[in-house]
Amino acid sequence: MNGGLLVAGTTSDAGKSVVTAGICRWLVRQGVKVAPFKAQNMSLNSFVTRQGAEIGRAQAMQAQACRIEPTALMNPVLLKPGGEQSSQVVLLGKPVGELSARGYHGGRQQKLLGTVLDCLAELRGTYDAVICEGAGSPAEINLRRTDIVNMGIARGARLPVLVVGDIDRGGVFASFFGTVALLSPEDQELVAGFLVNKFRGDVSLLEPGLEMLQGLTGRRTYGVLPFRHGLGIDEEDGLRVSLRGTVRESTVTPPVGEDVLRVAVCAIPLMSNFTDVDALAAEPGVVVRFVDRPEELADADLVVVPGTRGTVRALQWLRERGLADALVRRAAEGRPVLGVCGGFQILGEHIEDEVESRAGAVDGLGVLPVRVRFAREKTLTRPAGEALGERVEGYEIHHGVADVLGGEAFISDGRGHGLDGCRVGHTWGTHWHGSLESDGFRRAFLREVAAAAGRRFVPAPGTSFAALREEQLDRLGDLIEQHADTDALWRLIESGAPQGLPFIPPGAPA
């Protein structure tokens, strides 16, 4: 088998990432050596591979679904928004510059087509099958000329295309038909059919519509996936606060002790890697919510200031909303606060930024004795150490270099030498993303938080975040296996789009 498939969507957030991960897990359970691929990803949720390359977290999760290590080949182009008009361009895992949307789509993007096709070809030469994920919609006709992630990659690699539609939003039949009808004849040849996502109710009531859709387009539907809570894998869209995913959709398991623990996450602008708090939400009795008002911190046992692509901008936002003063008061009262990456920098005394915001010297909140200088070279590592008597692993993605002037190191090498972060009382800061996924460390940290907050909360002794992730990926594989036509899907991956698919007018405008 040397197959491939592009999972496209009628819209952003239609479920492409979830479906791609589900197909990957289904295939690997059939003994297929499979890898994920997304040519271009726009996301503030990123991950660091063991080789020190930065890629989208969704592709890292899809690699886990494939039971392989993620590499830069799986996401050769990553765009990290710095606002509405510009993004940092990460090429093959390393930042290469900052570009406006016009500058990127005006020429740079198309020049990368050869690079992403080479990466895909290398993966296809190594694996039995490569399941590719598109971005947004393939029918974004204003961007088709320079497209390298949807029909551009499908045409370049002759991949069959499966279009996913979120029926929970409504209008899925019009979206399916319109997506095909806005593509050129050459693009339409590769669109094999559709997959309905997030259906609630009796599938028999949907079947007449699916039959009419096939009559209108000549393309079949490969499955109807039912709506399921808690199936979201790591989010891609960091420009807004999403209320989906593991934290947002899962129900709170009853606590082991007498009390729950309430965690408030400040929903700062350009929030990045907010998946860090998923591990907290996985703990029985921990309630996680995103907040944007100071009064919402009042009953929180722990406040988390997460990472951000715009540290200075987030700091200004916290001040404008009154959250900065609330955080300072909270720290002075000895009530728990955790800053992660950009959040750690915000809690420090001083920031010197001529790289990210170019704002120069800016005062931080001053609750940790830390001074931060932004370096042009980005730190991309996968460190390990010890904290609170437990082993902890994480990954670093930041330009800020912290000079810790006091307090005590949060994470050490286990031999008395500080590795990262700072702690003063019950205020902690660290540059390490993903540290809370280390089960022993997470439990030790929550015990300290509960004691400081006066809560009779007890961490569950058996919670394994890695095992919960595996269960989630298996549920995605089950969804494909039980609700998609896997025989037809197998033929599609192995043999490509069916021949003789009809053209649906009007096609792409000239």
Side-chain angles (χ1 to χ4, degrees), residues 46-54 57 60 69-70 93-94 272-273 275-280 283 302 304-307 311 331 336-351 364 367-375 377-452 459 461 463-466 469:
S46 56
F47 184 75
V48 179
T49 70
R50 295 202 180 278
Q51 294 77 33
E54 185 179 8
R57 271 199 68 104
E69 275 290 323
K94 303 297 181 184
S272 62
N273 288 72
T275 47
D276 283 335
V277 300
D278 283 355
L280 294 178
E283 283 286 345
L302 169 68
V304 178
V305 187
T311 299
V337 177
L338 171 66
V340 180
C341 200
F344 170 38
Q345 297 163 10
I346 284 169
L347 296 179
E349 297 173 350
H350 184 80
I351 297 168
V367 297
L368 289 175
V370 174
R371 298 177 72 86
V372 176
R373 174 186 54 83
F374 274 69
E377 190 75 18
K378 183 185 280 192
T379 298
L380 296 168
T381 62
R382 289 273 294 273
E386 183 179 295
L388 306 179
E390 299 285 349
R391 179 172 172 78
V392 57
E393 298 180 1
Y395 55 98
E396 294 185 72
I397 307 170
H398 55 91
H399 286 278
V401 178
D403 184 11
V404 179
L405 305 174
E408 59 182 288
F410 188 18
I411 302 173
S412 73
D413 62 359
R415 297 185 296 275
H417 301 105
L419 291 180
D420 177 75
C422 180
R423 173 183 183 171
V424 174
H426 294 110
T427 299
W428 301 268
T430 176
H431 270 130
W432 291 18
H433 293 291
S435 60
L436 292 166
E437 295 179 19
S438 299
D439 297 326
F441 165 70
R442 182 181 65 254
R443 287 192 279 269
F445 177 69
L446 289 176
R447 280 193 292 270
E448 287 220 7
V449 169
T463 302
S464 166
F465 187 73
R469 287 285 190 176

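Residue numbers start at 1 and run along the sequence shown.
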Compare all side-chain heavy atoms of [X] with those of [Y] and state whether any distance is below 4.5 angstrom.
X	Y	result
L347	V370	no
I397	K378	yes
V404	D420	no
D278	R469	yes
L405	E349	yes
L368	F344	yes

Audit row: L446, E283, side chain to side chain contact (heavy atoms under 4.5 Å, CB included) steps and yes/no: CA-CA 10 Å; L446 289 176; E283 283 286 345; 3.7 Å; yes
Atom of [X], atom of [Y] and distance for their closest heavy-atom approach:
X	Y	result
L419	S412	CD1-O, 3.3 Å
G418	A409	CA-CB, 3.6 Å
G52	V48	CA-CG1, 3.8 Å
I411	A387	CG1-CB, 4.1 Å
F47	A60	CD2-CB, 3.6 Å
G406	C422	O-SG, 3.6 Å

Atom [atom1] in [X], atom [atom2] in [Y]: separation rounded to 0.5 Å?
X	Y	atom1	atom2	answer
S435	Y395	OG	OH	9.5 Å
H398	T311	NE2	OG1	10.5 Å
L436	R442	CG	CZ	7.5 Å
F465	S438	CZ	OG	10.5 Å
D403	R373	CG	CZ	9.0 Å
T427	F410	OG1	CZ	11.0 Å

Backbone of T275 reached by a side-chain donor or acceptor of N273 within 3.5 Å: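 Not confirmed, N273 side chain does not pair with T275 backbone.
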Sidechain N-carboxylate O distance under 4.0 Å for R443, E448: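 No.
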If we ignore angles and hydrogens, is there a donor and acceptor under 3.5 Å between the side chains of [X] and [Y]?
X	Y	result
Q345	H431	yes
T381	E396	yes
E54	S46	yes

Close aromatic pair by centroid cut-off 6.0 Å: H399 and F374: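 No.
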Aromatic contact, F445 with W428 (centres under 6.0 Å):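 Centroid separation for F445 and W428: below 6.0 Å.
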Residue that, paired with D276, satisfies side-chain contact (heavy atoms from CB on, under 4.5 Å) out of V340, V304, L338, T430: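 Filter result, single survivor: V340.
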Full working for side chain to side chain contact (heavy atoms under 4.5 Å, CB included) between E386 and R391: CA-CA 4 Å; E386 183 179 295; R391 179 172 172 78; 5.9 Å; no
